[in-house]
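Let me begin by presenting the structure, written as structure tokens, before commenting on it.
Predicted, not measured: the structure shown is a model, and the values here were computed from it.
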Amino acid sequence: MSLDPHAAQQVPPVHTQVPPVHQPAQPAPEPLTRVPWGSVGLFVALALGLAWIVALPIWLLDLSNPAGISMGTQLLIQFTPVAMMFTPAIAMLVVVFLAQTPRTGRARFLGLWPLRPAKRVVWFIVLGALAPALLVALALLVATLFGWFTPDFENLSGFTAALGPAATSPEAVRTILYVQLAMLPIAGLLNLLPAFGEEIGWRGWLLPALRPLGTWRALVLSGVIWGVWHAPLTLMGHNFQLFDWRGVALMTVGSVIFGVLFGWLRLRSGSVWPAVLAHGALNGAGALFALFAMAGVEQPLWLVNPLGVSGWIAGAIVILVLFVTKQFGKEPGLAPPRR
């Protein structure tokens with residue numbers, strides 16, 4: 001018997017729906033269990049070495065005659081500290097991509113991403129943006145109470161003298177003062193990019209890398225390294241008008257104090273961005289005391305500067321409050337990756 005293929009009954013194909021296979025989400029990288037000392041040593045050597053290289057042109061200049069300094073030299077002097085702030089970022093790139101520390105989850109390790117839980121990260125960003133100006137004001141109050149700072153809140157004589165011809169009347173001086181104070185948040189934003197250049201290195205990479213030592217040891221050691229890194233500028237009188245080891249020592253202690261506070265923002269939020277905002281805001285508000293100084297009265301910078309003794313006391317008060325309220329024991333991570 002033969003079969004006619006055209007007469008055969010056509011059986012429709014059966015479509016079997018295969019359920020999609022869900023790939024498991026990549027787990028969040030675990031924190032380091034031990035300090036990668038080789039990478040830490042490489043990071044510190046690069047950050048400090050590059051800082052000296054960037055500052056070397058200023059060291060080679062003849063600045064004995066300030067009146068004879070050219071416009072180009074003045075721009076170089078002003079630009080060098082900004083350029084130096086990017087050296088920790090360069091050191092971070094080397095240890096992350098060449099030394100492969102860490103090997104995975106780099107954005108999360110550095111605190112760059114993800115910005116979740118958003119509510120927590122945003123609130124700490126706001127705190128980082130606003131708190132430094134209040135801390136500088138507290139340092140100014142401490143310096144005034146101890147008699148280290150001589151203010152002139154009524155006549156603003158120091159600010160008037162600094163304005164020169166722009167100080168046409170007391171009303172004009174106060175108007176300019178109010179504008180300066182209102183510009184503080186904007187000054188912090190203008191300092192955001194160079195502040196990121198530092199913070200992605202110090203609190204983004206170095207602090208988590210040292211975290212296996214324990215919270216306090218990591219905070220203090222990273223602060224010491226940060227303070228010594230400033231030496232190329234501090235030895236030229238930056239911040240304290242001291243040109244020897246005393247300026248470096250003062251800057252190191254100040255860096256430890258503010259490093260603890262910036263580090264707390266980093267660890268408590270799980271993100272580097274609050275520390276970036278705080279660093280930019282501190283740089284923007286650091287010279288606040290100069291607005292209220294009395295003209296003709298010497299203000300000892302090592303006592304009055306926020307990175308000096310008055311700032312140490314103000315910062316220590318805040319750190320003590322955070323310690324008593326057990327804020328250093330809370331180190332939540334960022335939200336896990338989405339599925």
Side-chain angles (χ1 to χ4, degrees), residues 81 127-159 161-162 177 180-181 183-185 187-188 191 195 198 202 219-220 223-224 226-231 233-265 275 277-324:
L127 179 63
L130 299 180
L134 299 177
L135 191 58
V136 170
L138 179 59
L140 183 61
L141 176 62
V142 169
T144 303
L145 292 176
F146 279 94
W148 303 331
F149 177 69
T150 305
D152 185 2
F153 296 115
E154 182 177 357
N155 298 315
L156 302 172
S157 56
F159 186 51
L177 173 67
Q180 292 268 21
L181 294 177
M183 289 287 289
L184 285 179
N191 283 289
E198 282 200 50
W202 305 129
L219 289 170
V220 172
V224 169
W226 183 32
V228 174
W229 170 85
H230 288 90
L233 297 179
T234 309
L235 290 172
M236 288 189 286
H238 190 66
N239 282 331
F240 305 109
Q241 290 299 305
L242 297 172
F243 301 88
D244 52 23
W245 64 269
R246 294 173 298 170
V248 177
L250 288 164
M251 191 67 190
T252 301
V253 176
S255 296
V256 169
I257 295 292
F258 281 94
V260 168
L261 295 172
F262 292 174
W264 174 77
L265 287 171
L277 267 293
H279 195 148
L282 177 64
N283 287 353
L288 186 63
F289 66 92
L291 301 178
F292 302 101
M294 180 172 288
V297 177
E298 183 178 358
Q299 311 287 351
L301 292 179
W302 69 280
L303 293 171
V304 174
N305 190 295
L307 289 164
V309 178
S310 63
W312 304 352
I313 296 173
I317 292 172
V318 176
I319 292 171
L320 180 61
V321 171
L322 295 175
F323 179 78
V324 169

What residue among V253, L219, T252 forms side-chain contact (heavy atoms from CB on, under 4.5 Å) with V224?
T252

Note, N191 side chain near H279 side chain (heavy atom, < 4.5 Å)
no

Quick check: do L322 and L261 have side-chain heavy atoms less than 4.5 Å from each other?
yes

Do the non-hydrogen side-chain atoms of Q241 and F243 ever get within less than 4.5 Å of each other?
yes

Is there a donor-acceptor pair under 3.5 Å between the side chain of S310 and the backbone N or O of L140?
no

Are the side chains of N305 and L250 in contact, using a 4.5 Å heavy-atom criterion?
no

Report the distance from atom CG of L282 to atom CG of L288, rounding to the nearest 0.5 Å.
11.0 Å

More than 12 non-hydrogen atoms from neighbouring residues, nucleotides or ligands closer than 6.0 Å to CH2 on W312, yes or no?
yes

Here the pair of heavy atoms bringing V136 nearest to P306 is CG1-CG, 3.9 Å

Atom of G227, atom of S255 and distance for their closest heavy-atom approach:
CA-OG, 3.3 Å

Quick one, E198 and W229 - any side-chain contact, counting heavy atoms below 4.5 Å?
yes

Can you measure from CE (M294) to CZ (F159) and round to the nearest 0.5 angstrom?
16.0 Å

Looking only at heavy atoms, which two atoms of A195 and G280 are closest? And how far apart?
CB-N, 3.6 Å

Looking at every non-hydrogen atom in both residues, tell me the closest pair between G284 and A187 and how far apart they are.
CA-CB, 4.0 Å

Taking the side chain as C-beta and beyond, is there a heavy-atom pair between L134 and L138 under 4.5 Å?
no

Closest contact, heavy atoms only, P132 versus G128
CD-O, 3.0 Å

Short question: side chain of N155, backbone of S157 - any donor-acceptor pair under 3.5 Å?
no

Between T234 and M251, which heavy-atom pair has the shortest distance, and what is it?
OG1-CG, 3.8 Å

If the condition is side-chain hydrogen bond (donor to acceptor under 3.5 Å, both in side chains), which residues does W264 pass it with, not counting sequence neighbours?
none

Are side-chain heavy atoms of F292 and L177 found at a separation under 4.5 Å?
yes

Mutual orientation of the aromatic rings belonging to W226 and F262 [parallel < 30°, tilted 30-60°, perpendicular > 60°]
tilted

With a 4.5 Å heavy-atom cut-off, do L291 and L156 have their side chains touching?
no

Can you name the residues that form a ring pair (Phe, Tyr, Trp, His ring centres under 6.0 Å) with F146, not counting sequence neighbours?
W148

